[in-house]
J.: 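A single structure is presented below for examination.
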Amino acid sequence: DGGITQSPKYLFRKEGQNVTLSCEQNLNHDAMYWYRQDPGQGLRLIYYSQIVNDFQKGDIAEGYSVSREKKESFPLTVTSAQKNPTAFYLCASTLTGAKNTEAFFGQGTRLTVV
Amino acid sequence: RKEVEQDPGPFNVPEGATVAFNCTYSNSASQSFFWYRQDCRKEPKLLMSVYSSGNEDGRFTAQLNRASQYISLLIRDSKLSDSATYLCVVNMFSGGYNKLIFGAGTRLAVHP
């Protein structure tokens, strides 16, 4: 079955460490997105990408980095520059174009800084 | 002003009630619209797309008013299982990029 997979489901990080969250999809979608969700809040866009080797900053990109070397993969690195990294991180993918942009989500990664 | 705004709620309603959620968006270039449902500590899941002519799926009706930049979701005959957060989502397609923007969500609690 096609889908989008995030790993790990839970992640603990010490302050000052970088950590990379994995996102893989086999839906043949061109567009991929990373969102952050804090308790009781909505989803805020971190980075998004429409094609391989191209990505754009979202609303809260500071302290994060991404790469898009393959269509199927869009890993997110939370760097030590991110001051409040504890959150629920969601990866999504869509087809591109003005229509048919239903987003499919992974199950999310809960990152906790200890 | 936020790009997508929703009333955060919570809406506390009895079973069987009709409840309506509203959403406004600021960018007139927005081209696709959706309602997602999110259960506690889970990923969002598509509830329904929103079409210009309005659309219905069982107990759920979605409407779009492009002139007013306004989207709505109506839930009739509420069930306990409808308790969740409902997210309004807008796709802005510009310069070859899709940018999906989420509202902060409206929380619904249906009680017996």
Side-chain angles (χ1 to χ4, degrees), chain A residues 3-7 9-10 21 23 25 27 29-51 54-61 68 74 87-112, chain B residues 1-10 21 23-52 55 57 62 66 84-107 109:
Chain A
I4 182 165
T5 302
Q6 288 185 244
S7 62
K9 192 171 181 180
Y10 299 95
L21 282 57
C23 179
Q25 53 96 2
L27 298 164
H29 286 171
D30 285 307
M32 296 186 75
Y33 310 79
W34 273 106
Y35 294 90
R36 168 183 173 141
Q37 188 173 36
D38 293 285
Q41 306 294 314
L43 278 67
R44 292 186 289 166
L45 184 62
I46 305 173
Y47 269 98
Y48 58 111
S49 168
Q50 301 290 291
I51 56 173
D54 183 69
F55 46 82
Q56 300 292 311
K57 290 183 179 180
D59 300 317
I60 56 164
R68 189 85 188 275
F74 191 41
F88 185 40
Y89 290 87
L90 286 157
C91 179
S93 70
T94 69
L95 294 168
T96 51
K99 305 289 184 186
N100 302 319
T101 51
E102 174 192 346
F104 292 80
F105 282 89
Q107 291 189 310
T109 294
R110 292 196 180 276
L111 173 64
T112 303
Chain B
R1 183 184 171 189
K2 290 183 181 176
E3 292 178 286
V4 179
E5 295 204 64
Q6 294 181 248
D7 182 340
F21 303 141
C23 171
T24 58
Y25 60 96
S26 60
N27 192 325
S28 58
S30 302
Q31 301 200 359
S32 302
F33 309 90
F34 307 88
W35 284 100
Y36 275 72
R37 170 193 169 127
Q38 187 177 26
D39 293 292
C40 190
R41 301 177 70 83
K42 298 282 190 180
E43 74 275 21
K45 298 213 169 144
L46 179 69
L47 179 66
M48 58 197 303
S49 302
V50 186
Y51 303 119
S52 297
N55 48 299
D57 183 2
R66 285 188 184 271
T85 297
Y86 291 83
L87 302 166
C88 174
V89 183
V90 171
N91 170 49
M92 288 179 277
F93 181 65
S94 176
Y97 288 94
N98 282 100
K99 187 178 180 186
L100 283 174
I101 303 297
F102 283 72
T106 299
R107 203 150 50 88

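Since we're looking at a predicted model, the values are computed, not measured. The analysis underlying the following values was restricted to heavy atoms, covering all of them including side chains, and did not include hydrogens, waters or symmetry mates. Order of the sequence lines fixes the chain letters, A, B, ..., with proteins taken first and strands second; residue numbering starts at 1 for each chain.
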J.: Using the ring of each side chain (for Trp, its six-membered ring), is A:F55 parallel, tilted or perpendicular to A:Y47, with breaks at 30° and 60°?
T.: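 Perpendicular, since the angle between the ring planes exceeds 60°.
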
J.: Does any N or O in the side chain of A:T94 come within less than 3.5 Å of the main-chain N or O of A:A103, such that one atom is a donor and the other an acceptor?
T.: no

J.: With a 4.5 angstrom heavy-atom cut-off, could you sort out which part of A:D30 is near chain B: side chain, backbone, both or neither?
T.: neither

J.: Can any side-chain N or O of B:Y25 pair as donor or acceptor with the backbone N or O of B:F33 at less than 3.5 Å?
T.: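 Absent.
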
J.: Quick one: what part of B:R41 sits under 4.5 Å from any heavy atom of chain A, side chain, backbone, both or neither?
T.: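 Its backbone and side chain both get close to chain A.
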
J.: Is it the side chain or the backbone of B:L100 that comes within 4.5 Å of chain A heavy atoms, both, or neither?
T.: both

J.: Under 4.5 Å from any heavy atom of chain B, what part of A:L43 do you find: side chain, backbone, both or neither?
T.: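 Contact with chain B involves both backbone and side-chain atoms of A:L43.
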
J.: Over 60° means perpendicular and under 30° means parallel, so classify the ring planes of B:F21 and B:Y86, tilted if in between.
T.: tilted

J.: Output, in order, the C-alpha distance, side-chain angles, deciding distance and verdict of ring pair (Phe, Tyr, Trp, His ring centres under 6.0 Å) for A:Y35 and B:Y36.
T.: CA-CA 15 Å; A:Y35 294 90; B:Y36 275 72; 9.8 Å; no

J.: Under 3.5 Å, is there a donor-acceptor pair linking the side chains of A:Q6 and B:E43?
T.: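 A:Q6 vs B:E43: no donor-acceptor pair found between side chains.
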
J.: Is B:Q38 in contact with chain A via its backbone, its side chain, both, or neither, using a 4.5 Å heavy-atom distance?
T.: side chain

J.: Heavy-atom distance under 4.5 Å to chain B: side chain of A:R110, backbone, both or neither?
T.: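 Only the side chain of A:R110 comes within 4.5 Å of chain B.
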
J.: Counting heavy-atom pairs under 4.5 Å to chain A, which of B:G105, B:A104, B:P44, B:P8 comes out on top?
T.: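 Counting heavy-atom pairs under 4.5 Å, the top option is B:P44.
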
J.: With a 4.5 angstrom heavy-atom cut-off, is it the side chain or the backbone of A:Q107 that approaches chain B, or both, or neither?
T.: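 Interface part for A:Q107: both.
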
